[in-house]
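Below is one structure; the comments refer to it alone.
Each chain gets a letter, A, B and so on, in the order the sequences are listed, and its residues count up from 1.
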There are 2 protein chains.
Amino acid sequence: MPKIGMEPVRRKALVDAALRVIGDQGTLSVTMSDIARTAGVSPALAHHYFGSKEQLLIATIRSLLAQLRDDAVAALQAAATPREKLSALIRVSFRAEQFAPETIAAWLAFYSEAQRSEDVRRLLVIYARRLRSNLLASLKSLCAVDDAERIAEGAAAMIDGLYIRQSLRSAPISIEASIALTEDYVTTHLDQLYEGRAS
Amino acid sequence: MPKIGMEPVRRKALVDAALRVIGDQGTLSVTMSDIARTAGVSPALAHHYFGSKEQLLIATIRSLLAQLRDDAVAALQAAATPREKLSALIRVSFRAEQFAPETIAAWLAFYSEAQRSEDVRRLLVIYARRLRSNLLASLKSLCAVDDAERIAEGAAAMIDGLYIRQSLRSAPISIEASIALTEDYVTTHLDQLYEGRAS
DNA sequence: TTTTATTGATTGATGAGTCAATCAAAAATA
DNA sequence: TATTTTTGATTGACTCATCAATCAATAAAA
């Protein structure tokens, strides 16, 4: 079997397998054996290519993040006006794929891991910053900078919060409802800036 | 040493120790030894009183929840009007103690565990429902029921989201800022219902 | 003496990481 | 073309550490 140039193929297979296994089990306490089996290779090979479980996990988060970034970039390009870009960002966050129970479970596991691993934390901070700054960029065209910052912070928090609530699967809020709630937040706060000027 | 009537004392000590250790390490993958040592007893005693690690963890979540409930009840009683009750609920959620990094780390760990343990999930659902219904009760006095439901959902999501973002400790939003953001959300949405009636 | 509290010692399971050995494609050589 | 050498890919078997859970034994109250 050994053909040459297997490395990239195996790396990708292992990363994909890791994401699937983590999502299914809802924890980072999955075994290298589980991941390797899902990828169709031996545990030893996983160690051969990634050196340690920690490194494989980090590569897995990176992959998730890259995917999210690509989606956001594409969505932003397809949108013309700042207001449309805002909506596009919100919609991307709640994509069916992103909002799938297994994906959410994986995110939660990573957040929890970030309490221990500085590397993981740094990666998640990148995600948080990116969401915030993407929102901010569009908002700045629509209102004053300090208002924009406040609204971006609020919208980002609401998006993350809807994720968490989704993870409990109790009275699950639909994707559309989540989008509507976030859109409503942004719209209402933008409108408010140009209507009432009382205290 | 063996004095009689130790059981409740030890149970409490173990639960408190569990919460502290979990908060410090940011994971439920703490050892019974760690917890027992922190509580000043042997690991065997922890098993004696709780039967298993799982049971000790469940008792720990229950304790966190009970504390939160008591705080909420007290805060609600001290508030007179529905609008004041709303503010009180928001403030309780962001109490310094609740918002401490270790407490947040513990919450995250429990959310992650809820993906696996039905018992844990059920307890967290109780928390989510309670927050939502507390908010709802006050909101119903201030606006139409369907608006109240929407606003309660949004406020609850924002509170949870601010927690998550706090857990990353990047550009940490202060307690006051978190309260202000949530208050602003509620206020703006309530006001909006009585001002603009355009599309 | 009986009961309750408590622990040290032990067990059994699990899982990360290592390593020497194997296998087959590719490259070099005849 | 046929043969040998080299090298990347791959794994089974093993080590070492960790940890939950058990249990028999001890000590102090009642």
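No continuous path of hydrophobic side-chain contacts links A/V186 to A/V145 [ILVMFWY only; heavy atoms under 4.5 Å]. Following chains of ILVMFWY side-chain contacts shorter than 4.5 Å, one can reach B/L139 starting from B/L76, so the two form part of one hydrophobic cluster.
A salt bridge does not link B/E183 to B/R91: none of the charged nitrogens lies less than 4.0 Å from a carboxylate oxygen. Classification of A/E113 and A/R116 as a salt-bridged pair holds, one side-chain N sitting under 4.0 Å from a carboxylate O. Residues A/E118 and A/R121 are paired through a salt bridge, judged by an N-O separation under 4.0 Å between the basic side chain and the carboxylate.
Nearest to the side chain of A/R10, among C/dT7, D/dT10, D/dT11, sits D/dT10. Checking D/dT11, D/dT10, C/dT7 against every side-chain atom of B/L45, the shortest atom distance belongs to C/dT7.
The nearest whole Å value for the distance from the OH atom in B/Y49 to the C1' atom in D/dA20 is 19 Å. The CG-P distance, from B/L28 to D/dC19, rounds to 14 Å in whole Å. Between B/M6 atom CE and C/dT7 atom P there is a gap of 12 Å when expressed in whole angstrom units. If you measure from atom CG of B/D34 to atom P of D/dC19, you get 7 Å, rounded to the nearest angstrom. We find that NE2 of A/H48 is positioned 15 Å from P of D/dT7, with the value rounded to whole Å.
Within 4.0 Å (heavy atoms only), A/V9 reaches no atom of the nucleic acid at all. Using a 4.0 Å heavy-atom distance criterion, B/T31 is classed as a sugar-phosphate-only contact. Nucleic acid contact for A/F50: none, since no nucleic acid atom lies under 4.0 Å from a heavy atom of the residue.
Projected onto DNA chain C by closest heavy-atom contact, B/G40 and A/S29 fall at different nucleotides, the more 5' of which corresponds to B/G40.
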Could you go through the side chain to side chain donor-acceptor pair (under 3.5 Å) check for A/R37 and A/S33 one step at a time?
-> CA-CA 6 Å; A/R37 192 177 328 113; A/S33 299; 5.3 Å; no
Would you tabulate the pairs of protein nitrogen or oxygen atoms and nucleotide nitrogen or oxygen atoms of nucleotides 17-22 of chain C closer than 3.5 angstrom?
from	atom 1	to	atom 2	distance (Å)
C/dG17	OP2	A/H47	NE2	3.1
C/dG17	OP2	A/K53	N	2.9

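When the shell of 6.0 Å around CZ of B/R130 is examined, it contains more than 12 heavy atoms from other residues, nucleotides or ligands.
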